[in-house]
Undergrad: 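Structure incoming, see below.
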Number of protein chains: 2
Amino acid sequence: MARAATTTDAFNAVAEPRRRQILDLLTHGELAVNDIVERMGVAQPLVSKHLKVLREVGLVDVRDDGRRRLYRLNPVPLKPIHEWVRGFEQLWSERFDRMDVVLTELMDAEPMEAERDGRDDGGDAAQRDRDAAG
Amino acid sequence: MARAATTTDAFNAVAEPRRRQILDLLTHGELAVNDIVERMGVAQPLVSKHLKVLREVGLVDVRDDGRRRLYRLNPVPLKPIHEWVRGFEQLWSERFDRMDVVLTELMDAEPMEAERDGRDDGGDAAQRDRDAAG
DNA sequence: AGAGCGTATACCCATATGGGGATACGTCAA
DNA sequence: TTGACGTATCCCCATATGGGTATACGCTCT
């Protein structure tokens, strides 16, 4: 075997930068292939291929408009990704939790946001038993 | 060219199911390669390879423990992913239109937080002008 | 019908991938 | 030191990929 088909799930579909870019573009609303081609500056066939992948994963919907095809974003398949990553969100905040050194590190590394507010939404894996760690 | 190197960014690293699985496992705390091998039931070299990728992307840290190597999760590189996907979060709720139905849904779907506290870190594309959509 | 535009496909290539098997390397146990 | 264990690497393969170019398909307009 080689690698799993990219067209399999959103995770793979989104792993490709150009595909992400397309999704970003579609965020602004429906776009015809050519619009995307222009905005991305890549060959049309390329765009069509990427769109195909996105279509197969369900990240975009198509609509015929005369001789054009309007693509529309369908963010729903991103949900699993969001959910999965969300499980780790607390970790990169809580990393402090039982850390000590880390605190220092963070202090001068990124003093910005992303920590306070003890949200414990649905972190499946994440905090389940991070105590088993130490 | 072929595809971009998987080792390039977290997006790619995480596109591989096994790699995600490893990260999930590491959620419970440090693990030696063999632990992972057992829990996943795949060949050891395979695991080592995946770990290498994860290492290169910074998703795991290694620590030497005698003849074992303990791997530890480092969720930080997931942040960009989280942030990117988060930009779409609203969309898959707003999809119905933009605020009407959604409001209701939000009400009883996630009464929690997750948006208040005006962190607007990386919501690049997403809501920028979803009004251009209609 | 014919011309032209917009898009999808087909085909070809180079390459990185995930996986397998064997093995080298480093560390601990005798 | 020798042997066993734990892990990383090496080499090999099949395959899917992203990209390029050419072309086929579909629709619109004249």
Side-chain angles (χ1 to χ4, degrees), chain A residues 1-23 25-26 29-73, chain B residues 1-23 25-26 29-73:
Chain A
M1 300 130 197
R3 51 157 21 193
T6 188
T7 162
T8 295
D9 58 51
F11 275 100
N12 271 299
V14 156
E16 160 64 46
R18 247 115 181 189
R19 236 120 56 184
R20 252 174 287 150
Q21 198 185 341
I22 292 183
L23 293 182
L25 286 176
L26 290 180
E30 276 186 339
L31 283 182
V33 178
N34 251 350
D35 297 328
I36 302 179
V37 170
E38 284 176 24
R39 287 172 176 65
M40 305 217 316
V42 300
Q44 173 268 312
L46 219 325
V47 172
S48 278
K49 282 181 201 166
H50 282 312
L51 283 172
K52 181 176 185 180
V53 173
L54 293 174
R55 222 188 307 142
E56 291 176 342
V57 177
L59 278 169
V60 298
D61 295 324
V62 212
R63 179 166 77 88
D64 274 32
D65 174 47
R67 53 195 173 192
R68 293 186 308 162
R69 303 199 88 192
L70 300 182
Y71 280 82
R72 189 154 83 83
L73 173 66
Chain B
M1 299 125 196
R3 50 156 23 193
T6 190
T7 164
T8 296
D9 59 58
F11 275 99
N12 271 299
V14 156
E16 161 65 45
R18 247 119 180 185
R19 237 121 55 183
R20 253 174 286 150
Q21 199 184 339
I22 291 184
L23 293 182
L25 286 175
L26 290 180
E30 276 185 339
L31 284 182
V33 178
N34 250 351
D35 298 328
I36 301 179
V37 170
E38 285 176 24
R39 287 172 176 66
M40 305 217 316
V42 300
Q44 173 267 312
L46 219 327
V47 172
S48 277
K49 282 180 201 169
H50 282 311
L51 282 173
K52 182 177 185 181
V53 174
L54 293 174
R55 221 188 308 141
E56 291 177 342
V57 176
L59 278 169
V60 298
D61 295 324
V62 212
R63 179 166 76 87
D64 273 33
D65 174 48
R67 52 195 175 193
R68 294 185 307 162
R69 304 199 87 193
L70 300 183
Y71 280 83
R72 188 154 83 83
L73 173 65

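Both backbone and side-chain heavy atoms feed into the values below; hydrogens, waters and symmetry mates do not. All of these numbers come straight from a predicted model, not from anything done at the bench. Just so we're on the same page: letters track the sequence lines, and every chain starts at 1.
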Undergrad: Round to a whole Å and report the spacing from CE of A/M40 to C1' of C/dT7.
TA: 15 Å

Undergrad: Does any donor atom in the side chain of A/H50 or A/R19 lie under 3.5 Å from an acceptor atom in the other side chain?
TA: yes

Undergrad: Which one, D/dT9, C/dG19, C/dT7, comes nearest to the side chain of A/A32?
TA: C/dT7

Undergrad: In whole Å, what is the span from the CG atom of A/L46 to the C1' atom of C/dC11?
TA: 15 Å

Undergrad: Calculate the interatomic distance between B/I22 atom CD1 and D/dT7 atom C1'; express it in whole Å.
TA: 13 Å

Undergrad: B/P45 side chain: which of C/dA22, D/dG18, C/dA8 is closest?
TA: C/dA22

Undergrad: Which of these nucleotides, C/dA8, D/dG18, C/dG6, is closest to any side-chain atom of A/R69?
TA: C/dA8

Undergrad: Between the opening five pairs and the closing five pairs of the helix from C/dA1-D/dT30 to C/dA30-D/dT1, how far apart are the helix axes, to 10°?
TA: 20°

Undergrad: Name the one of A/L73, A/V42, A/L51 that satisfies side-chain contact (heavy atoms from CB on, under 4.5 Å) with A/I22?
TA: A/L51

Undergrad: Applying ring-ring contact (aromatic ring centres under 6.0 Å, His included), name anything that partners B/F11, two or more places apart in sequence or on another chain.
TA: B/W84

Undergrad: Judged by each residue's nearest nucleotide on DNA chain D, which is more toward the 5′ side, B/D35 or A/R18?
TA: B/D35

Undergrad: If I take atom CG in residue A/N12 and atom P in nucleotide D/dT15, what distance separates them, rounded to the nearest angstrom?
TA: 18 Å

Undergrad: What nucleotide, of C/dA8, D/dT7, C/dG19, holds the atom closest to the side chain of B/N34?
TA: D/dT7

Undergrad: Would you call A/V60 and A/L26 a side-chain contact if the rule is heavy atoms closer than 4.5 Å?
TA: yes

Undergrad: Identify the residue among B/L25, B/L31, B/V33 that makes a side-chain contact (heavy atoms from CB on, under 4.5 Å) with B/Y71.
TA: B/V33

Undergrad: With sequence neighbours left out, write down each residue that passes side chain to side chain contact (heavy atoms under 4.5 Å, CB included) with B/R67, or none if nothing qualifies.
TA: none

Undergrad: Mark yes or no for whether B/N12, through its side chain, and B/D9, through its backbone, hold a donor-acceptor pair below 3.5 Å.
TA: no

Undergrad: Given D/dT9, C/dG18, D/dG20, which nucleotide is nearest the side-chain atoms of B/S48?
TA: D/dT9

Undergrad: Using a cut-off of strictly less than 4.0 Å, decide whether B/H50 has a side-chain nitrogen or oxygen near OP1 or OP2 of C/dG19.
TA: yes

Undergrad: Grab the CG-C1' distance between A/L51 and C/dG6 for me, whole Å please.
TA: 13 Å

Undergrad: Residues two or more places apart in sequence or in another chain: which of them pass side chain to side chain contact (heavy atoms under 4.5 Å, CB included) with B/D64?
TA: B/R69

Undergrad: Does A/E38 have any side chain to side chain contact (heavy atoms under 4.5 Å, CB included) partners at least two apart in sequence or in another chain, and if so, which?
TA: none

Undergrad: Can you identify which nucleotide, out of D/dG19, D/dC11, D/dA8, has its nearest atom closest to the A/E16 side chain?
TA: D/dG19

Undergrad: Supply the atom-to-atom distance B/D61 CG to B/R55 CZ, rounded to the nearest 0.5 angstrom.
TA: 10.5 Å

Undergrad: Name the closest nucleotide to the B/A43 side chain, picking from C/dG6, C/dG20, D/dT7.
TA: C/dG20

Undergrad: With DNA chain C as reference, determine whether B/Q44 or B/K49 sits nearer its 5' end, using the nearest nucleotide of each.
TA: B/K49

Undergrad: Can you tabulate the close N/O pairs, meaning under 3.5 Å, that link protein atoms to atoms of nucleotides 27-30 of chain C?
TA:
unit_1 : atom_1 : unit_2 : atom_2 : d
C/dC28 : O2     : B/R67  : NH1    : 3.2

Undergrad: Under 4.0 Å between a side-chain N or O of A/Y71 and OP1 or OP2 of C/dA8?
TA: yes

Undergrad: Taking CD from A/E56 and C1' from D/dA16, how many angstroms apart are they, rounded to a whole number?
TA: 13 Å

Undergrad: Taking the minimum atom-to-atom distance to the side chain of B/R68, which one of D/dG6, C/dT7, C/dA10 wins?
TA: D/dG6

Undergrad: Whole-Å distance between D/dG6 P and B/L70 CG?
TA: 13 Å

Undergrad: Send over the distance from A/L54 CG to D/dT17 P, rounded to a whole Å.
TA: 13 Å

